2 protein chains.
Amino acid sequence: MARLAGVSRATVSYVLNNTRAVRISEPTRRRVHEAARELGYVPHAAARSLRAGHSRMVLIPAPSVPAGRLYGRFLHELQWALGRLDYTVVQHGTIGLPGDEAARAWAELRPVAVLVPGTGLGPQGVAVLKRSGARAVVTVGPEAVEGAHALLMDHASVGHQAGAHLYERGRRRIGVVVPEESGLDMFSRPRLEGVRRALDGTDGSVTELPLGYDEDSAARLAARWRGLGLDAVFAYNDEYAMLLMRALQDAGISIPEETAVIGADDLMLGRLLRPRLSTVHIDLPSGRDLAELVDRAVRDPGAPLERHPALGARVVHREST
Amino acid sequence: MARLAGVSRATVSYVLNNTRAVRISEPTRRRVHEAARELGYVPHAAARSLRAGHSRMVLIPAPSVPAGRLYGRFLHELQWALGRLDYTVVQHGTIGLPGDEAARAWAELRPVAVLVPGTGLGPQGVAVLKRSGARAVVTVGPEAVEGAHALLMDHASVGHQAGAHLYERGRRRIGVVVPEESGLDMFSRPRLEGVRRALDGTDGSVTELPLGYDEDSAARLAARWRGLGLDAVFAYNDEYAMLLMRALQDAGISIPEETAVIGADDLMLGRLLRPRLSTVHIDLPSGRDLAELVDRAVRDPGAPLERHPALGARVVHREST
DNA sequence: TTGAAAGCGCTACCAA
DNA sequence: TTGGTAGCGCTTTCAA
């Protein structure tokens, strides 16, 4: 930069980085700072990390569907916590590359850590990332991946809680909404499976109900409701639950007498309906905890891989069941 | 990399980049590709863009509050569209740095374009970014910033539409909810101002109503509602509107007879309430359009700055007003 | 206290 | 058709 501002590039580096191993005279410091301000000099992160051989970048692939309430808040908290630990968080918008191929794209940025929600990253992908210098790979999803730390989030437990609750309340013919919106399979499949498991070996039965997130689709489902002979429904989440509950009520089906309805996510809005919506509350790990896991892993890449169950699910019983 | 795999680094570069100016024999290509796969070689993006002098990175600062439905979808669409144009989208989690300081942090990454939502970036910041090589800076907010392209999103028009609608329907004493949650001022202030402007010079009046996003806060407001003597309320958005409407109904206030309620954002859930929630529908530009604006600006940085009004607001009249 | 120079991984030019 | 090499901006070691 401003070697036109009197000194050598080395000196500039010393001054701007406050290198303690080297003493620079006050007048020189001042001149450097002044020149930097004047020229609007900003160091070049790529050059720096190229030289250093590592970065402080934590890469998180952007979700392939717009993040929901819960995940959005979680991500935000995480970002903040990592920032406090002096990491730079980068959400990388991977278009549609499948798992291990996406890993290559991420690896090009040479992040110090990668945090991958969902399935799709295999042991191959983890290996690519590690070889390219990532000191920590953390997956957040239903199962651990070889070579990576894992935050185990099994959405089946959400369905399981819902199913068990409905069964306990005396319901036997249970519908499970599966959103038609693509990209949600990741959550909806395990939730459905969880309900199945909860009812396995009992006299209860499970019926899969595809549903689009619009009033028409809900009305159509409601119109054929009595034909389905269901006495309860787990509606994937609170939003679908609200939609379906309204459609059922409009079709003259009384909630919870004729059909019990339960959602998930414990949104505030669910409490506003009448009857108030029962729901499965989901506890996500705090962003701070996850940030600390990442930091630990980065500082000591040799440490044994951690795997934490990290999704707490519990029923909040209100009036709709 | 694999100069241990037989050839020179230059040849590797040629092969992997499919450099057309140079012919490489088929056997050599094969050997290079094989070695690359075997070693799990991934090019180093930083080194590449250092050498090239530019990157294809579009930087978007991550929002300081978890993104809402509308913005989340917009961002997602934008990311996809930019991806199609072969840009890499990076959301940079700037912690709490104020505007122009944050610009320096962004500039370190030498993005080819920067897309900044909200206020907070000043002409200084724009200058820093451009000097550091950004070929396009696009702000998305209420007013244009010197040196940057602008997508003009004036949330005052949202409030204005709501205010005018309520006035037309014969309402005169109008409350405006202002969320207590921090980080929302960016939107709530202009919306409030818009209502004020709509009623300016009429016999209507505007009352500011702070409200937290929880049932207690809503109940407290509802309890003192009659004392406020209002006949209508614009509730910031649909979520606050749903919350408040329920609290008012629980307090025995009839909607819309005694008090009209209108929200904003046109969420699907608002249609599920009874009475159905009137709302201000907000049209955001499509992600594709914005992506094309960015691309144009990058290809021709000399072109005159574009400024587009980009927020359409129109009332969707349902039953609550 | 400061400067010269090497080298991080990559690509583009020139020579072989 | 391939290889050698300079140089992108930075930090760090070594010398002055």
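Just so we're on the same page: letters track the sequence lines, and every chain starts at 1. Because the structure is a prediction, the values reported are computed rather than measured.
Side-chain N/O atoms of A:Ser49 include none lying less than 4.0 angstrom from OP1 or OP2 on C:dC8. Contact between the side-chain N/O atoms of B:Thr28 and the OP1/OP2 oxygens of D:dT1 is not found at any separation under 4.0 Å.
Legend: residues meeting side chain to side chain donor-acceptor pair (under 3.5 Å) with A:Arg189, ordered by chain and number and at least two apart, are A:Glu208. Contacts of B:Tyr71 classified as ring-ring contact (aromatic ring centres under 6.0 Å, His included), with partners at least two apart in sequence or in another chain: none. Partners of A:Arg84 according to the side chain to side chain donor-acceptor pair (under 3.5 Å) rule, which considers only residues two or more places apart in sequence or in another chain, do not exist here. In terms of the side chain to side chain donor-acceptor pair (under 3.5 Å) criterion, A:His76 has no residue partners (sequence neighbours excluded). The side chain to side chain donor-acceptor pair (under 3.5 Å) search around B:Arg37 returns none, not counting sequence neighbours.
Regarding B:Leu109, its CG atom lies at a distance of 15 Å from the C1' atom of D:dC10, rounded to whole Å. Atoms CZ (A:Arg110) and P (C:dG9) sit 9 Å apart, rounded to a whole Å. Taking atom NE2 of residue B:His54 and atom P of nucleotide C:dT11, one finds them 11 Å apart after rounding to whole Å. We find that CD of B:Glu108 is positioned 20 Å from P of D:dC8, with the value rounded to whole Å. Note: CD (B:Glu26) to C1' (D:dT2) measures 15 Å, nearest angstrom. Separating the NE2 atom of B:His44 from the P atom of D:dG9 is a distance of 16 Å, rounded to the nearest angstrom. Nucleotide C:dA12 holds its C1' atom 13 Å from the CD1 atom of B:Ile24, rounded to whole Å.
Closest-nucleotide positions on DNA chain C for A:Ser25 and A:Leu50 were compared, and the one nearer the 5' end corresponds to A:Ser25.
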- Message: Could you walk me through whether A:Arg104 and A:Asp100 satisfy the salt bridge (charged side-chain N to carboxylate O under 4.0 Å, His left out) test, starting with their C-alpha distance in whole Å, then the side-chain angles of each, then the deciding distance to 0.1 Å, before giving a yes or no?
- Response: CA-CA 7 Å; A:Arg104 208 151 309 138; A:Asp100 290 345; over 6 Å; no
- Each nucleotide of nucleotides 11-16 of chain D classed B (base within 4.0 Å of a protein heavy atom), S (only sugar-phosphate) or -, in 5' to 3' order, makes BBB---
